[in-house]
Amino acid sequence: MPRITSKKKDYKLTDFRRWLIGEIKVQGYKQSEVAEWLGISQQAVSAKLKSGSFSLKELLILFEKLNTEQETIGKLLKV
C-alpha cells in the first residue's frame, strides 16, 4: 500500500524507530547498555523506543555510540 503524503511525519518516525531498534540489535547492544549511555532506566529506553521521543542530546549520543554515518543521520532527521 503506498504511503500517504499527509502522514509523512508518522512514517518518518516509524522508519526511525525501526532503524534504531535494528541498529541496537545488529550491533549487539542491550537496552540496559543504551540506558547507561543516556543516563536513564532501561524501562525509559523501552518507552522511548516505542514512542520515538528522544531529545536532541540523546540522539547525538545514540548516533555517536552506534557509529552512524553523516549521510544516514541526514536521511533519518530529514522531515
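All residue numbers refer to positions in the sequence shown, counting from 1.
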| request: Find the distance between CG (Leu59) and CD (Glu64) and round it off to the nearest 0.5 Å. | output: 13.0 Å

| task | Determine, stepwise, if the pair Phe54 / Ile61 fulfils side chain to side chain contact (heavy atoms under 4.5 Å, CB included). | result | CA-CA 10 Å; Phe54 290 91; Ile61 291 168; over 6 Å; no

| Donor-acceptor pair, side chain of Glu23 and main chain of Leu20, under 3.5 angstrom | no

| query | Okay, side chain of Glu58, backbone of Leu38: is any donor-acceptor separation there less than 3.5 Å? | reply | no

| note | In this structure, OG1 of Thr72 is separated from CZ of Phe63 (nearest 0.5 Å) by 9.0 Å

| field | Value rounded to 0.5 Å, distance of CD in Glu69 from CG in Leu76 | value | 11.5 Å

| field | From Arg17 atom CZ to Lys48 atom NZ, the distance as rounded to the nearest 0.5 Å | value | 13.5 Å

| query | Which pair of heavy atoms, one from Lys65 and one from Tyr29, lies closest together, and at what distance? | reply | O-OH, 4.0 Å

| Hydrophobic cluster identity match, Trp19 and Leu60, side-chain contacts under 4.5 Å | no

| Any chain of hydrophobic side-chain contacts (each under 4.5 Å) joining Tyr11 to Leu13? | no

| remark: Heavy-atom nearest pair, Lys12 first then Lys75, reads NZ-O, 2.8 Å

| note | One should read off an interatomic distance between Glu36 CD and Gln42 CD, to the nearest 0.5 angstrom, of 13.0 Å

| request: Determine the sole option in Leu66, Ile40, Ile24, Leu49 for which the side-chain contact (heavy atoms from CB on, under 4.5 Å) test with Val34 is passed. | output: Ile24

| Closest approach of Ile73 and Thr68, non-hydrogen atoms and distance? | CG1-CG2, 3.5 Å

